[in-house]
Amino acid sequence: MNILVINAGSSSLKYQLYEISTETVLAKGRVERIGMDSSILTHEVDGQPEVKEVSEILDHTTAIKKVLDMLTHRKVGVLSNITDIKGVGHRVVHGGESFSESVLIDQQVKLEIRKLFDLAPLHNPAHMMGIAAVEANLPDVPQTVVFDTAFHQTMPKMTYMYAIPKVLYRKHKIRKYGFHGTSHDYVSKRAAEFLGRPLRELKLISCHIGNGASCTAIMDGKSFDTSMGMTPLEGLMMGTRSGDLDPAVVPFTINKEDLTLNEVNSMLNKHSGLLAVSGISSDMREVVEAMNEGDANAKLAFDMYAYRIRKYIGAYAAAMNGLDAIIFTAGVGENSDVLRKAICEQLTFFGVQLDEARNSVRSPEPRRITTDESKVEVLVVPTNEELLIARDTYTIVKELQRN
Ligand SMILES: Nc1ncnc2c1ncn2[C@@H]1O[C@H](COP(=O)(O)OP(=O)(O)O)[C@@H](O)[C@H]1O
Ligand SMILES: CC(=O)OP(=O)(O)O
Ligand SMILES: [Mg+2]
């Protein structure tokens, strides 16, 4: 059965087409710069060179249409007809308190996602555009949503409540939700398999370090605490997001700089983090390069970034009263041996012994980067949010076909 996985952003749309019974990726790609002139569609079929097509793609509906054209293309396509797609799974960042698992999309689900626009303004509106675009192009195909927040619905009240008047939770559901749940879920299961131990017995800290970044404390196979909050802004320092800061900075800045609330929100989400501190880039590769050339701002940005991750690891080891393994994943976590080294070198107190040779290995497979004697294991586990989305979609579609 062919399942299409969609991760729609405001100006981009990533896709992967799976043959799910064998979990094979038949094709994948992305559309960038939707709504701008010269949008770019990049399409890749296993073992073949990438195909790039530049055209004007004004909205998500057109973007999906182009993707479907690519998938059925005479030369670079992998399907003879779009009716060969039997289900579409979407990544949705915010599911609030309504969803603790993946669901089939219906009117009610769409309404709930819309209600959460305020809580994930960068993500949820874009996901809705993706869902509507698929509906317009494939009206008869069942669609599902897989939420970033779902995995974290197991957090106890003690970790998800903010210490502010209760009325704000009652009226507006202001609380910690946590994100990247699909990734934390996937890598924790892979880590348990790799270690050959039951997940339920492990105390894990998974560090999803990509553009957005979050750490999760996982106990008993469940999310116990996580660094992102009501929105994906809390916690670690990120590419362009500030992460934790004294909330008083917000009214103070509004006052002193004569900014609006929206401007401050945008500053904290889009113009902070690595980008602001380094003054160079939100991309860790460029920050490390500048640091190696002696740039002091890049060094400060790198040190702050690594320090925050270390601090969360320390906090979560205490929160769980123990730690078996730390997992690094996502763009930076999987690729930056320099960052992993900076973090792990200062965790010897916990019994982390980094093996530098293992740390510098690159591989798409899960691997250990500590010595055999290390008391706490540190693993690099490449994430695969799309595969989990495809699996969940398959389960839901099969159930639908049975009824
Ligand atoms: N070799 C590398 N070294 C350091 N950072 C890298 C490397 N390759 C990719 N990255 C980082 O990964 C980030 C993207 O991570 P990713 O998980 O794909 O993020 P997202 O899904 O949020 O777009 C980039 O911003 C880049 O900084
Ligand atoms: C929730 C979140 O931050 O997602 P991303 O890392 O894809 O921006
Ligand atoms: Mg990501």
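For ligands, and for the atoms within them, numbers begin at 1 and follow the listed sequence. Predicted, not measured: the structure shown is a model, and the values here were computed from it. Numbering starts at 1 and runs along the sequence shown.
Stacking of K398 on the aromatic ring of Y394 is recorded, both the 6.0 Å distance cut-off and the 45° axial limit being met.
Ligand 1 has R362 within reach: a non-hydrogen atom of the residue lies less than 4.0 Å from it. Heavy atoms of H208 come nearer than 4.0 angstrom to ligand 2 in no pair at all. Not a single heavy atom of K14 lies less than 4.0 angstrom from ligand 2. Taking a 4.0 Å cut-off on heavy atoms, M238 fails to register as neighbouring ligand 2.
Residue F179 has at least one heavy-atom neighbour below 4.0 Å for each of these atoms of ligand 2: 1 (C). Counting the atoms of ligand 2 from 1 in the order shown, those under 4.0 Å from a heavy atom of M228 are 3 (O). Of all atoms in ligand 1, numbered sequentially from 1 with element shown, those under 4.0 Å from a heavy atom of S336 are 4 (C). Atoms of ligand 2 found under 4.0 Å from any heavy atom of P232 (numbered from 1 in listed order, with element): 1 (C), 3 (O). The distance from ligand 2 to the heavy atoms of D148 drops below 4.0 Å at these ligand atoms: 1 (C).
Under 4.0 Å from ligand 2, the heavy atoms of R241 that appear belong solely to its side chain. At a heavy-atom distance under 4.0 Å, no atom of E385 approaches ligand 1.
Closest heavy-atom approach to atom 1 (N) of ligand 1 within the set N335, T240, V332: this belongs to N335. Among N211, T329, I209, T383, the residue whose heavy atom sits closest to atom 23 (O) of ligand 1 is N211.
With sequence neighbours excluded, the residues forming a side chain to side chain donor-acceptor pair (under 3.5 Å) with H43 are Y15, listed by chain and number.
For residues 214-244, the set of pairs meeting the ring pair (Phe, Tyr, Trp, His ring centres under 6.0 Å) definition, not counting sequence neighbours, is empty.
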Hey, mind stepping through R200 and D220 against salt bridge (charged side-chain N to carboxylate O under 4.0 Å, His left out) and telling me if it holds? CA-CA 4 Å; R200 295 197 66 129; D220 206 15; 3.1 Å; yes

So H94 and Y177, ring-ring contact (aromatic ring centres under 6.0 Å, His included) or not? Walk me through it. CA-CA 8 Å; H94 218 311; Y177 291 96; 4.8 Å; yes

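The pair K341-D337 does not meet the salt-bridge criterion, since no charged nitrogen lies less than 4.0 angstrom from a carboxylate oxygen. With respect to D140 and K86, no salt bridge is recorded, no charged nitrogen being found less than 4.0 Å from a carboxylate O. The residues D295 and K299 are annotated as not salt-bridged, no charged nitrogen and carboxylate oxygen being separated by less than 4.0 angstrom.
Judged purely by distance below 3.5 Å, without hydrogens or angles, the side chains of S242 and S272 never pair a donor atom with an acceptor atom.
Interatomic distance, CZ of F179 versus OG1 of T231, reported as 6.0 Å (0.5 Å rounding).
Between R91 and ligand 2, at least one N/O pair is under 3.5 Å apart. Backbone and side-chain nitrogen or oxygen atoms of G210 are examined, and none is located within less than 3.5 angstrom of a nitrogen or oxygen of ligand 1. Taking any N or O of D283, backbone or side chain, at least one lies under 3.5 Å from an N or O belonging to ligand 1.
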